[in-house]
Each structure stands twice: as C-alpha cells, then as structure tokens.
Participant: 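This is the structure, below, for whatever I ask next.
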There are 2 protein chains.
Amino acid sequence: MIESVKKACHIISCFSSEEPVLGNTEIAKKLGMNAGTTHHLVTTLCNEGVLIRDHNRRYRLGWKLLEWNNNVMFQQDIYDKAIPLVKELIHRFVGTAHIGMFDKGEVVFVLKVSSQEASPIHTYIGSRKPAYATSTGKVLLSYNSAYLQETISRGLSMQAPNTITDINKLKKDLEMVRKVGYSVSNNENSTGTYGIAAPILSYSGKTIAAVNLVGPVSYMQGSNRSMIIQSVINTAQSISQELGYIEV
Amino acid sequence: MIESVKKACHIISCFSSEEPVLGNTEIAKKLGMNAGTTHHLVTTLCNEGVLIRDHNRRYRLGWKLLEWNNNVMFQQDIYDKAIPLVKELIHRFVGTAHIGMFDKGEVVFVLKVSSQEASPIHTYIGSRKPAYATSTGKVLLSYNSAYLQETISRGLSMQAPNTITDINKLKKDLEMVRKVGYSVSNNENSTGTYGIAAPILSYSGKTIAAVNLVGPVSYMQGSNRSMIIQSVINTAQSISQELGYIEV
DNA sequence: CTTACAATTTCATAATGTGAAATTATCTTA
DNA sequence: TAAGATAATTTCACATTATGAAATTGTAAG
C-alpha cells in the first residue's frame with residue numbers, strides 16, 4: 001500500500017461535476033492533508049497530464065484521463081461486441097439500455113444507449129447504483145452469492161417507493177430471477193422507471209454482466225411487455241455468444 | 001516530483017488497446033522497474049479500483065478510470081455547450097465532426113460525432129494526431145506561436161501523401177489560415193480524407209480549441225464545399241459565443 | 001497601500017518506498 | 001504426474017523520498 005499513490009488517487013477523485021476546478025488548499029482541506037504535501041502531489045499529477053493548472057493556479061482534470069479511459073473501453077472485450085446488439089434493442093423499443101457490471105456492492109454502468117425519444121435517465125457511463133435496487137444489479141446478485149454477501153453487508157436502504165430493503169424478500173426475488181432468467185425493477189431505484197434485465201455470460205458460463213432496458217413504468221408494463229422481456233433476454237444471449245459462451 | 005506517483009501513472013499508461021491485459025513482470029520489464037516495486041504499486045492501484053486483478057493474477061484497467069473520465073467530460077465547459085451545435089453540423093452534411101485541443105505538439109480529440117452514413121474515421125475521444133497534419137491542429141497552431149514552436153521542435157514527418165513537412169511551407173499555410181479564418185487538410189493526415197476546421201475562442205478571445213468536419217476528399221471538395229466551410233465557421237462561432245466570447 | 005489569504009518553497013526529520021533475494025504459485029513439457 | 005521453468009508475491013535492511021511546519025512569495029480585495 002503505497003501512500004503517495006493512494007493520496008494521488010484521492011486527489012483525482014476530489015474533482016466532480018459539482019466541483020470541476022479546485023485550488024491547492026481546497027484539495028488539502030477536503031482530504032485533511034498538509035498543503036505542502038498536496039502541492040507536491042498536484043504538481044506531479046500536472047506533469048503527467050492527469051491534472052491541468054489554470055492561469056489562476058487552480059486545477060482541473062486533464063487529458064491523460066481521456067486517454068486512459070479509452071483503453072478501459074477497448075480492454076472490455078464485452079464492449080465492442082455488445083454495442084451493435086444493444087443498439088438493436090433501443091431501435092426496437094423506446095427507452096434506455098445499459099450494460100452493468102458488479103463492483104463493491106454496486107452496479108457500474110459500462111455502457112448506456114438511448115433511443116432518440118427516450119425520457120432522460122439519470123445514469124452515465126461509470127456511474128453507480130446500489131445493486132439490490134436495480135434490474136441489472138439483481139441479475140448479477142442472483143447468480144453470485146459472493147456478490148450478494150458483499151451487497152448485504154453494506155446494508156439495504158430505501159431508494160424509491162418499491163426498493164426491497166428486507167434481506168429475505170430480496171433473496172426470494174433473486175430466486176425468482178434465477179428461475180425465469182430475467183429481473184424486473186419496478187419503481188425500486190428511481191420513481192417512475194421500470195427496468196428489465198438479463199444476464200450476460202462469459203465463455204465459461206459465468207455471469208459477468210447484465211443488459212437492461214429502462215423506461216417509464218406505463219410503457220414498460222404496457223402491451224409489449226412480454227416482447228420487451230424476450231428481446232432483452234435475446235440480446236443478452238447474443239452478447240454471451242459473441243463472447244464465446246456456448247449454450248448447453 | 002513524487003516518484004511513486006509518476007511510476008503509477010506510467011503503469012496505467014502501459015495498458016492499451018493492443019495490450020489490455022498485463023502481468024506484473026511484463027509491466028516491470030516494459031518500464032525497466034523492479035518486479036517487487038511494481039507489485040507494490042500495482043497492488044495499491046488495485047485497491048483504489050484503478051486496476052483490476054484477474055483470477056490469473058494479471059491486470060486490467062479498472063472502473064475508477066470510467067468515473068474519473070466522466071468528470072473530465074463534465075468539467076469541460078466546452079463539452080456540454082458544444083455537443084448540440086456540433087450535432088447540427090453532422091445533420092446538415094455527411095461526415096465526422098471533431099473538437100480538438102492542443103497538448104504537447106499534438107491535437108487531442110475531446111469530442112467526436114459522426115453522421116449515420118459517414119465512412120469510418122480512425123479517431124476516438126482521447127486519441128491524438130500530430131498537430132501540423134490535421135485541420136484542427138493547424139487552426140490551433142496558427143493562433144499560438146508557442147504551440148507552433150513546441151510542434152516544430154518535435155519534428156515534422158510524412159503522415160499521408162500531402163503532409164506538410166517543410167517548416168516554411170507550414171508557416172505559409174498557417175498565415176493563410178489566420179487570414180481566411182479556417183484551415184483545410186487535404187490528404188495530409190490520412191489518405192483519402194479531407195478536413196475543414198475553424199477556431200473556438202474563449203471569453204477572453206484566445207483560441208482554445210477547434211471544430212472540424214472530416215469526410216472523403218471527393219465529397220468535401222464537391223459542390224457544397226463553400227457551404228461546408230461557412231457552416232464549420234458558424235459552428236465554431238456559435239460555440240465561442242456559448243463560451244462567452246463577444247465578437248468585437 | 002495595506003491586509004488577508006492562497007500558493008509555493010524550504011529543509012530537517014521520520015517515514016516510506018526500494019530492490020535483491022527468498023518463497024510460493026502456476027504453467028509447460030516430458 | 002513430476003520436474004523444470006517462469007512468474008507472482010513476500011520479506012527485510014537500507015537509502016531514498018515524502019512529509020509538514022514554517023518561511024516566503026504571490027494575488028486579490030478593500
């Protein structure tokens with residue numbers, strides 16, 4: 001555990017959409033660090049292109065991160081192969097599709113695509129939601145008890161009217177997900193939205209990600225609900241096959 | 001200059017689309033570092049979520065980078081304001097539009113949007129090209145002599161049939177760019193493509209970025225060439241105005 | 001011009017990262 | 001399946017390096 005590297009990471013994490021520009025002392029205060037130390041770290045990060053220094057001697061995130069990010073994308077085998085398949089989904093129906101992966105009790109969205117007419121959804125690539133409160137998350141939990149354990153240990157809290165906050169109820173729900181092969185999130189994560197998700201399997205048959213389609217409750221529960229479910233499952237299966245998974 | 005942070009950055013930069021997965025010793029060799037030291041750094045980066053460790057104990061880039069990246073995006077004032085304007089451009093014409101900014105002798109593309117029917121262009125968000133060989137780059141060079149100096153000092157080399165490799169020729173070209181207010185790259189950067197770029201100015205009137213439209217030589221030089229030029233210039237001006245620049 | 005606050009630099013000291021070597025794990029090949 | 005080869009990980013003494021208090025310089029506001 002190398003302290004200075006850890007600190008450097010924390011410094012980068014200080015920046016957000018709310019606070020895109022920070023001064024040296026601001027950073028130091030936020031992290032409870034000495035201003036001199038902070039300054040050394042910040043200067044190093046500037047030299048590496050990770051931060052950029054203003055003419056006002058304030059700091060912002062730099063280009064290096066864009067470069068790194070692209071490599072995260074490429075690295076995700078799943079990514080390239082999934083894009084066209086997910087796009088098909090949003091052309092067939094109106095809504096927003098995500099691919100989510102599990103990390104530390106949460107779902108991280110690694111892909112987001114919306115139909116032109118879709119109502120806006122508050123997610124973005126890289127953003128996170130509690131696993132137990134999302135359709136993608138519940139798929140991932142239902143196929144991996146270690147994930148479930150990790151999630152439960154962090155506690156369940158109300159996110160929207162129907163969030164499942166009872167552990168036994170959650171386990172029942174996940175059992176059902178395993179049985180039917182898809183998960184549903186109805187007003188569990190944000191009010192008014194309804195998601196349907198299905199598992200993406202790696203070549204080895206392990207559930208490594210989930211695709212979903214999210215839309216307004218009324219639309220998703222409407223006449224083509226069963227068609228949507230089938231399509232989401234099909235998309236997930238196609239992606240799995242692209243990844244080399246062979247159905248038994 | 002904090003060594004361990006510098007090293008950590010270099011480790012992250014080791015990963016690329018060609019080598020998305022690396023082992024500890026591979027990294028160490030690539031950077032000429034001790035394997036033990038590398039291991040400590042890599043472990044720290046894993047704990048921070050910047051890297052992910054395989055079940056084979058090999059490493060890939062992690063989620064943290066996605067999170068950070070999103071903040072780079074948000075932070076770019078230019079970004080939010082520019083997207084709708086650039087989209088207009090690619091709806092009017094067929095092609096790929098970029099916004100590029102200068103960094104260390106190169107253009108970094110911070111935005112890329114293509115028309116549905118556009119032929120693929122080998123760029124992506126975060127990718128780089130030599131400044132002297134691209135339309136966006138030449139705009140940035142023509143308004144900033146420090147940029148030009150930096151670029152020249154790194155040398156000019158052939159990128160495509162028409163790349164300008166002579167310093168004086170380049171200077172002449174940049175003079176013209178300043179005069180007409182836009183730049184043209186005709187087979188200078190990749191064979192068969194033609195780009196037209198115009199400057200984006202900040203509130204203070206400084207050229208901070210450039211927009212371009214890229215397409216096949218035949219199309220771009222065709223009947224609506226002058227209309228394209230005018231539109232690119234207009235787009236650039238609209239973005240500048242969005243950023244608070246007031247024309248004198 | 002003065003005051004106040006933030007950024008930067010300095011420097012002695014303590015803490016921390018370093019790398020050679022040992023150990024353990026994994027993969028290859030016979 | 002065992003032996004050999006290669007890679008990952010751990011250990012530890014030492015030297016390097018980061019640390020933070022304080023001094024200095026820079027900047028903004030009144």
Side-chain angles (χ1 to χ4, degrees), chain A residues 1-16 18-62 64 75 77 146 202-204 206 244, chain B residues 1-16 18-62 64 75 146 202-206 244:
Chain A
M1 194 76 319
I2 291 176
E3 278 304 311
S4 49
V5 171
K6 203 164 139 190
K7 283 178 188 164
C9 289
H10 294 337
I11 288 178
I12 300 171
S13 296
C14 276
F15 295 86
S16 67
E18 286 80 34
E19 304 184 284
V21 182
L22 294 168
N24 183 59
T25 359
E26 279 177 283
I27 298 172
K29 262 188 205 142
K30 251 175 177 296
L31 299 174
M33 284 167 48
N34 175 283
T37 307
T38 308
H39 186 256
H40 285 169
L41 288 164
V42 158
T43 305
T44 306
L45 290 172
C46 281
N47 278 317
E48 292 298 322
V50 176
L51 296 182
I52 295 170
R53 150 189 277 128
D54 260 358
H55 52 97
N56 300 319
R57 299 176 307 158
R58 311 191 77 221
Y59 302 90
R60 313 180 281 123
L61 298 176
K64 201 75 191 183
Q75 163 261 125
D77 199 20
S202 75
Y203 68 98
S204 64
K206 219 180 113 189
Chain B
M1 197 74 322
I2 291 176
E3 278 304 310
S4 49
V5 171
K6 202 165 140 188
K7 283 177 187 164
C9 289
H10 294 337
I11 288 177
I12 301 171
S13 296
C14 277
F15 295 86
S16 66
E18 285 81 35
E19 304 185 284
V21 182
L22 294 168
N24 183 59
T25 356
E26 278 177 284
I27 298 172
K29 260 187 207 145
K30 251 176 177 295
L31 299 176
M33 284 167 48
N34 176 283
T37 306
T38 307
H39 187 255
H40 285 172
L41 287 164
V42 158
T43 305
T44 306
L45 291 171
C46 280
N47 278 317
E48 292 297 322
V50 176
L51 296 182
I52 295 171
R53 146 191 279 129
D54 260 359
H55 50 98
N56 299 319
R57 298 176 308 158
R58 310 190 77 222
Y59 303 88
R60 311 181 284 122
L61 297 176
K64 202 71 188 186
Q75 165 258 127
S202 75
Y203 67 98
S204 64
K206 218 180 114 191

Participant: Which of the following nucleotides, dC12(D), dT9(D), dT19(D), is nearest to the side chain of Ser4(A)?
Facilitator: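 Nearest to the side-chain atoms of Ser4(A), counting from C-beta on, is dT19(D).
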Participant: Check every atom of dT18(C), dT9(D), dG20(D) against the side chain of Leu41(B) and return the nucleotide holding the closest atom.
Facilitator: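 Given the options dT18(C), dT9(D), dG20(D), the side chain of Leu41(B) is closest to dT18(C).
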Participant: Report the residue (Gly36(A) or Val5(A)) whose heavy-atom-nearest nucleotide on DNA chain C is the more 5′ of the two.
Facilitator: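 Between the two, 5'-proximity favours Gly36(A).
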Participant: For Leu31(A) and dG20(D), give me the distance from atom CG to atom P, rounded to whole Å.
Facilitator: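 Going from CG in Leu31(A) over to P in dG20(D) covers 12 Å.
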Participant: Looking only at the side chain of His40(A) (C-beta and beyond, no hydrogens), which of the listed nucleotides dT8(C), dT9(D), dT19(D) gets closest?
Facilitator: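 Comparing dT8(C), dT9(D), dT19(D) against the side chain of His40(A), the answer is dT19(D).
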Participant: Would you kindly give the CG-to-C1' distance between Asn24(B) and dT6(D), to the nearest whole Å?
Facilitator: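 The answer, rounded to whole Å, is 13 Å.
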Participant: Starting from P on dT8(C), measure out to CG on Asn34(A) and report it in whole angstrom.
Facilitator: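 Distance, rounded to whole Å: 14 Å.
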Participant: Calculate, to the nearest 0.5 Å, the distance between atoms NZ and OG1 belonging to Lys6(B) and Thr44(A) respectively.
Facilitator: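 Here the interatomic distance stands at 8.5 Å.
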Participant: Supply the atom-to-atom distance Glu48(B) CD to Ile12(A) CD1, rounded to the nearest 0.5 angstrom.
Facilitator: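 Taking CD in Glu48(B) and CD1 in Ile12(A), the distance rounds to 9.5 Å.
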Participant: Hey, is the side chain of Tyr59(A) poking within less than 4.0 Å of OP1 or OP2 on dA6(C), counting only N and O atoms?
Facilitator: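 For Tyr59(A), the contact criterion (side-chain N or O under 4.0 Å from OP1 or OP2 of dA6(C)) is not met.
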Participant: Rounded to whole angstrom units, what separation is found between the CE atom of Met33(A) and the C1' atom of dA15(C)?
Facilitator: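 Rounding to the nearest Å, CE of Met33(A) and C1' of dA15(C) are 15 Å apart.
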Participant: Tell me: CG of Leu22(A) to C1' of dA6(C), nearest whole Å?
Facilitator: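 Whole-Å distance recorded here is 14 Å.
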Participant: Checking contacts here: which listed nucleotide (dT10(D), dG17(C), dG19(C)) is nearest the side-chain heavy atoms of Ile2(A)?
Facilitator: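 For Ile2(A), the side-chain atoms sit closest to dG17(C).
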Participant: Go through it in stages, so that I can follow the logic: the residues are Lys64(B) and Ser13(A), the test is side-chain contact (heavy atoms from CB on, under 4.5 Å), and I'd like the CA-CA distance, side-chain angles, deciding distance and then a yes or no.
Facilitator: CA-CA 9 Å; Lys64(B) 202 71 188 186; Ser13(A) 296; 3.5 Å; yes
Participant: Quick one: Arg58(B) CZ to dT6(D) P, roughly how many Å, whole number?
Facilitator: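 Roughly 16 Å, once rounded to whole Å.
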Participant: Leu61(A) vs Leu51(A), test: side-chain contact (heavy atoms from CB on, under 4.5 Å). Steps then yes/no.
Facilitator: CA-CA 4 Å; Leu61(A) 298 176; Leu51(A) 296 182; 3.8 Å; yes
Participant: Can you figure out which of dT10(C), dT9(D), dT17(D) approaches the side chain of Glu3(B) most closely?
Facilitator: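 Looking only at side-chain atoms, Glu3(B) lies closest to dT17(D).
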Participant: Nearest whole Å is fine: how far is dT11(D) P from His39(B) NE2?
Facilitator: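 Nearest whole value for this atom pair: 11 Å.
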Participant: Counting only N and O atoms by type, is there a donor-acceptor contact under 3.5 Å from the side chain of Ser4(B) to the main-chain atoms of Val5(A)?
Facilitator: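 Flag not set: sc Ser4(B) to bb Val5(A) has no pair under 3.5 Å.
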Participant: Side chain of Lys7(B) only, heavy atoms from C-beta on: which candidate in dT10(D), dT19(D), dG19(C) is closest?
Facilitator: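 Nearest nucleotide to the side chain: dG19(C).
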Participant: Taking the side chain of Thr37(B) as its heavy atoms from C-beta onward, which of dT19(D), dT8(C), dT18(C) lies nearest to it?
Facilitator: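 Comparing dT19(D), dT8(C), dT18(C) against the side chain of Thr37(B), the answer is dT18(C).
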Participant: Classify Gly23(A) by what it touches in the nucleic acid, base, sugar-phosphate, or nothing, heavy-atom distance under 4.0 Å.
Facilitator: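 It contacts sugar-phosphate atoms only.
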